[in-house]
Amino acid sequence: MIVFYLIPIETGLMTAITDPSAYTGSAPYLPPAPGDVSLGPFTNAVDALSQGLANSFILVVPATILSGLLGSMAAYGLTTVDWKGQIGIYMLFVAGIFIPYQAVLVPLTQFWYNVVPLRTTVESVAPMIPLLQEFHWKLIALIVTHTAYGIPICTLLFRAHYKKLSDEMVEAARLDGASITRIYRRIILPLSVPMFAVVFIYQFTQIWNDLLFALTIIQFGDASVVTQDLVSIGVSQEGTNFPLRMAAALVAALPTLLVYIFFGDKFAKGVTA
Amino acid sequence: MRNPLTVLKRLVSDSGDARTDGGTASSGTSLLSRDSIRSAPFWLPPFLLVGLFVYGAILWNVVLSLTDFQGLGDPNYGDLDFENYVVAFDGGTPSWTDYSIDPIWNATQNTVVLMVAFAIVCLALGLLLAILVDQQIRFENTFRTIYLLPMSLSFVVTAKFWLYMYDYNTGLVNIALGAFGFGPIEIVQNPDLKLAAVAFALIWQYSGYAMVVYLAGLRAIPSSHFEAARVDGASTIRMYWRVIIPQLRTATVSALVVLVVFSLKAFDFLFSMYGGYNPGPSADILATQMVREAYGNQNWAYGSSIAVVLFLMALAVVAPYIYSQYRQGQL
Amino acid sequence: SGSDDGSDGIQLLHAWSEGDGNAAIAALIEGFQEEHPDIEFSEDPVDGAARSNLDQVISNRLQSNDPPSTFQTWPGKTLEKFGDAYADIEGDVWNDDLKNNYRSGPQEQAQLDGTYVTVPINIHRINNLFYNTAVVEEAGVDPTSWSSPSDVVDGCAQISEETDAVPFAHQTSSAWSTSQLWETVFLAMAGADGYDDFLNGEGDESTVEDALANVVELEEYFPGNSSSIGFTEANTMVQEGEAAFIHQGDWAAGAYSGNDSFNYGEDWDYVPYPGTSGSYLLNMDSFPYFDDNPTPEDTKTFLSYCGTTDAQIRFNREKGSIPPREDADVSQLNQFQQDQFDHFTNADAQPPSIEHGLGVVPQVKTNISEAFSAFIESYDAGATAGDLVGAFN
Amino acid sequence: MAELTLDSITKVFTEDDGNEIVAVDDVDFEIADGEFLVLVGPSGCGKSTTLRMVAGLETITEGEIRLGGRRINDKPPAERNIAMVFQSYALYPHMTVKQNMSFGLEESTDMSDDEIDEIVTDTAEMMGIANLLDRKPDDLSGGQQQRVALGRAIVRDPEAFLMDEPLSNLDAKLRATMRTELQRLQEDLGVTTVYVTHDQTEAMTMGDRIAVLDDGILQQVGTPLECYHTPNNYFVAGFIGEPSMNFFELDVEGDALVGEHFEYPISDQLRGAVSGSDSVTLGIRPEDVEFRADAMPTEPTDFACTVDVVEPTGDANNVYLTFDDDNSDEPRTFIVTVSGMDRVESGDKVVARFPESAIHLFDEFSGEALKNRSLEDVESVDISI
Amino acid sequence: MAELTLDSITKVFTEDDGNEIVAVDDVDFEIADGEFLVLVGPSGCGKSTTLRMVAGLETITEGEIRLGGRRINDKPPAERNIAMVFQSYALYPHMTVKQNMSFGLEESTDMSDDEIDEIVTDTAEMMGIANLLDRKPDDLSGGQQQRVALGRAIVRDPEAFLMDEPLSNLDAKLRATMRTELQRLQEDLGVTTVYVTHDQTEAMTMGDRIAVLDDGILQQVGTPLECYHTPNNYFVAGFIGEPSMNFFELDVEGDALVGEHFEYPISDQLRGAVSGSDSVTLGIRPEDVEFRADAMPTEPTDFACTVDVVEPTGDANNVYLTFDDDNSDEPRTFIVTVSGMDRVESGDKVVARFPESAIHLFDEFSGEALKNRSLEDVESVDISI
Ligand SMILES: Nc1ncnc2c1ncn2[C@@H]1O[C@H](COP(=O)(O)OP(=O)(O)OP(=O)(O)O)[C@@H](O)[C@H]1O
Ligand SMILES: Nc1ncnc2c1ncn2[C@@H]1O[C@H](COP(=O)(O)OP(=O)(O)OP(=O)(O)O)[C@@H](O)[C@H]1O
Ligand SMILES: [Mg+2]
Ligand SMILES: [Mg+2]
């Protein structure tokens, strides 16, 4: 059973350390013959993906944090502080989880390219701000989009968590003189840490592995994220360079793999804590 | 231990405070409304974002599905009709093209089968794994991580991997079948098996999630229930079947929600596995058909209407969930 | 003339991010910039989108009224997809030089409803049958003597009897290879005219079915795991001597050229697919001109350059295909390319490929792809024939 | 420090379906400066709601709450200068004990960090938790957590303490210890305190006075002994005391109170008490029943009984008696407590006497007390070896 | 129905790191057919483990358990014909009461559905829960759940009942009611019962005999009064009884037991008891201290004391005394219980007498009882009005 769950990674790894010219495609889960071992695919993959990796990080980190934070705020605003109508609003959040991305691609393109003047704004201020590149406008658009689409599930997860927090504790804080904002900052936020682990891991993987929104919003160019680069790497009309492709896939998957290996446990605990 | 009923009461009642006090304690009302206004900074920005991007986009998409938009120029919003939906259900040649259009029945059927099979098997497998891991507390964390690992991989890797697995000559699936004396079978392009093969791969990727949720669910059941059932004379299987599994309803529902979200990602997998959005009629789903129509054929409006159908289907799965959560005061 | 609107220069979008395609486009741009050092190419690297996604990107950009200068596209009926967005370049680009030196087949494909809108840069031939000479000799078959698709089937039967090799290396994990095989067989059976009728929606259903039936017969000789492999693995089988034949576009030969121990004429050889020797079944790439062009003058300058023999030799030397211009000096190309070019210049017909989008409009192409996606599940020649003929309405 | 006044306080909850629940109904009482008042009553009677209104956690539907004479109805909780100790302690789990105790001062005052530090340290020392200051609540035992929760309340030097069943999560032995500790602390600090409990022992032993609530309505406010010996009504009589008072329904018929199994003579003293009632409930506490083995009834207030069950608790025996006149299938039992040194066996024939001075009478319908024990009786009893 | 024998039962848990925990250490006792045995002891002493070994939920490391004479060590739980009632009731929340009660019969017998139905209905009627049969456990009150859990055990007509703190989740009043109900039920059914509790009252009142465990080791098996009045050792003496016995450490010096604050004369009767010890612990139960206000000590067993705190509990007062000789900062208090009718005030000067007949002496080191109350004393006290 364990083997069954692990073998794809092993297969990818074995393929990725095979010299492309010696690659035959049969029994790829066996290690290559010693003479055919090569790290070339990995170095090539890292070279080819470096820009995409950098862009992905620029995208994923803020989008993950923002969606987590906003989700937590929404959950707090809709749970710990009680008021009329919150259930209706919350239902809208929940339904938002189940929207297939395909269903919104057209409007999203129209919105980012034709409705908001984000591009011209960024292009005009970019020269004045260090590190800000003109193409970053696409990443900003994508960050906002992923944030918006991540909020519903984050809200759901956080709300479940907050409902388990003791009402008495929040009341104690109110008696202690803390305002709603202070209660959030000093009580709720620190106590959300386990849930943030879950939400961050979930969002990190989802956003990191997403291709559809990236294709729709970034489309191509300097701002391409790693999944976009991954689609085409190693594929050309004369054939597919599988070792390079697998190496690239592993390089691209490395952040999420590491996240799961090191924090998967927190994820598992938080999911159902 | 907090009684869920108390929580519910509190939930219901605190929101009721403002109403209760109506005219009698006007200052109290303002105190509470001050609370709800003060809470606005927390929920309003996320709500606006979601409202604009998620619901705005969906509404826009719905309007688009009523047009004849074919990708170029601006959609004509002045001329809205349900023609696309008629075509989607009946097929035929719509007014905006010379070619006949496939209805969505085949893809709908595949989508439903895929979603249902995926969800059910994921849950069943997840449950089985959870029960197994539950017995062996020692390496639990390692097991959990391993079962979750496939979730972190991109489809580029897993699609290729499953092609290997299903290989007629060297694939492990066929080798395993061979060990049981079954001849190798064609899987990837076998019309009878390919949808199952896709579902299976997705199950492999996401059953770890179900496992994690179930494991926590199992842990939440007091050990005295296991023991009571044993003292009552139930065999292990009967004990799980009659006493333990029925208590995992909440876990099942919460896993199901996320699994439905995952099942919407089947598109990405099919796309990688069959090298495009044309996986063949036996594995065609609404998502592939939608992208094929919109991006392949430039039938944008028609694609939008398929997307709307897909969304409504997802909603049909989820609405009962939301409703029951609401009824139980879990919202 | 310099950059005419002060933007970043010519934006060329393409999907050649890897291998020979990448080298070819680089060589082309280099040649262009040698000639026009004042014209810039956008500093954005233009790769980063796979072929299947490139159209989506273009579509998105057109929807946002932001077309690129030009992009990599199949010419012919594929142009219908963004039909309204293209502009006439007859005269500016398609001058007499081009008109005189492109053969009629390729020249037709450069037009959308009779208007010149794109410049083809290369030609890949689809109707090739490559083989491993050692395997073929071991089995005692002689492909050069074959004249019809059924000979291929018979030959495969002999290979299968005489050797351990897979007779016909083929992938069916996705449908394009099979669709491509069928159009070749169909061309052989229906002839160039019958093929043309099909493109016009008037195909003879029984011939279509016969061609499919031939493919079904061949299917017996595909590798057992054809559905799990891709084209690369199939092609590797031929190189490794594990398979005798492969039907492919001439890019298959590009892979052989990277293999030092697998040489043209010695270890491998090819014939035009039996029954199609008089035809050069076209697959081309081209660069169209968008109406709302961000760099109108520079784009035209670039497209004009693409129409020159210099550009086409630079490009095709890397790409493995042949130049569409008859007057190209192919001595810089390899022997296989020279042989192909020879075939090309002598071909009676240059029919456009269906699978590669030249022969039919996108909607029909999608219908045909769907039909083949079904075909490789069921191998039901009769049903697929109906689907194929029906793809036009 | 200040006195706390609840002036006709009412709380109505409106449920989603429009149902109104009157959780607290026109409750009035006053707690003197420094007094320790225990609020008792069965589950759901409105104890917590009352407390939460005082704290400002629930709005007040009607009435006025005054602290030190000032109306506090409209003040937010933070400005009321009241500290509350919760049943679950409600410690902030992510903060150390010190941070928990500092939180309120940081949020509601502008003291410097040093000042806060000093106060917290002093209080911790007083509470004997100075060595725990850097621990997190999860690393503390229940009793320690309890002490931290108290410390957190004390640090703020509030005008009043509110405590909602603060000991109910502790086990019996610890509860006993904390009970005396808390009591002593309150005496030392002299802070006005309202203490909610449903534990008999806490109610009887801890407070200066007890307020008994039932169904949102105040039944009695008085010292523990007043409530025990001179309950206002049937409810208080039954609620206070463990084991409960024995009750018998009797009809007033001429010179006797007539019940199913016995008649109780109406003496001249009793005459006035029962004059307005047709039927009354006679109550007598288990320890007030006098008890003699193997004897015949000698007085009209003596009844022949049989021992049903004996529960020895070591220092005492709870003896369950049935009337000999009772021939029903499930005979009615009543409890008598006798010293643990007395050996009684199931089946023994005994005589139980209900001394007139010890009985209580309640109106059958209104439940109001018609006759109670006299408190003077209680005090006059001589203590001797 | 059958007698249950535990023969030198030992349970050793091996932890992950190889540590061995001896949870139950060589425990021996026998429970007669139909007897009600209460197993008490502090938390972690091995009560549950013992019970679970009997039920078959834990393996037995050493020793033998016999039910009705047959060894059951190796039988799976289902075949032991034993029913268990859990502290948390362990009702299956997704089943109705009826399904809960039927489950065991369905799983362990091959009765027809009709037969099962009949048995369940009959039992439910007997337990007074017939009207609840279609409800789910969550819709029941604590007491009702308790009754269902009992009903579920009874339905199976087992040879023995095992109950692990079955009442500890109920509130005080309900606990008292259920206590007698359970006791009566057990008497009616006559099923051999082992009942685990750490509640004093339950231990004293419910069982025919008590078995006291500490740290896995059996300390004493005897009737409640034996354990109360003639404890085998210091542990049992301190554990049984609430408030606890007062203890004083004394050295044996010549004719007196000498402590910090008082000396206790060694009479001739005592001489023998203390002859083997250098220091002893003197114990006296709070109700055994005799007590007089405003008087001087007249006998060597009288001690001048001051009242520290009085806790009235209604029927009794717990009086905390300090010795007048005790000048330390936190003077040592001891408890005396007096009748609730006695009025004592904090600060009163009193005399406390420790009658020799009432004191217990334990060896300081082994803890073994050197002198106990005589049980005859207890029984000979006269009962009189
Ligand atoms: N938020 C609320 N909404 C509606 N009804 C409520 C709410 N809070 C309390 N109640 C009702 O008010 C009544 C009094 O509740 P309260 O919590 O004050 O009782 P309590 O005396 O503290 O009980 P317990 O001893 O169980 O804590 C109950 O009937 C309860 O159901
Ligand atoms: N499964 C186990 N593994 C290791 N040690 C255990 C296990 N179960 C119990 N113990 C240990 O055995 C000892 C006895 O535990 P047991 O549960 O029998 O105590 P108990 O008397 O029932 O306590 P309580 O009154 O708290 O229920 C304890 O020290 C406990 O830690
Ligand atoms: Mg309460
Ligand atoms: Mg236990």
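Protein chains get the first letters and strands the later ones, always in sequence-line order, with residue 1 at the start of each.
- A donor-acceptor pair under 3.5 Å is absent between the side-chain atoms of E:Tyr92 and the main chain of B:Ile244, judged by distance alone.
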Side chain to side chain contact (heavy atoms under 4.5 Å, CB included) evaluation trace for E:Arg156 with B:Val231:
CA-CA 11 Å; E:Arg156 294 189 43 216; B:Val231 174; 3.9 Å; yes

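- Ranked by heavy-atom pairs under 4.5 Å with chain B, the first of E:Ser108, E:Ala90, E:Ala153 is E:Ala90.
- With a 4.5 angstrom heavy-atom cutoff, E:Glu106 touches chain B only via side-chain atoms.
- If you measure heavy-atom distances from B:Arg242 to chain E, the contacts under 4.5 Å come from both the backbone and the side chain.
- Proximity to chain B (any heavy atom under 4.5 Å) is shown, for E:Leu105, by neither the backbone nor the side chain.
- Ranked by heavy-atom pairs shorter than 4.5 Å toward chain B, the options E:Pro93, E:Pro76, E:Ala55, E:Gly56 are led by E:Pro93.
- Between the NE2 atom of E:His94 and the CD1 atom of B:Ile245 there is a distance of 10.0 Å, given to the nearest 0.5 Å.
- Contact of E:Arg80 with chain B is not made at all, since no heavy-atom distance falls under 4.5 Å.
- Taking CE of B:Met239 as the start and CZ of E:Phe103 as the end, the distance is 9.0 Å to the nearest 0.5 Å.
- Only the backbone of E:Ala83 comes within contact range of chain B, judged by heavy atoms closer than 4.5 Å.
- With a 4.5 angstrom heavy-atom cutoff, E:Leu162 does not touch chain B via any of its atoms.
- Taking CD of E:Glu58 as the start and CD of B:Glu227 as the end, the distance is 7.5 Å to the nearest 0.5 Å.
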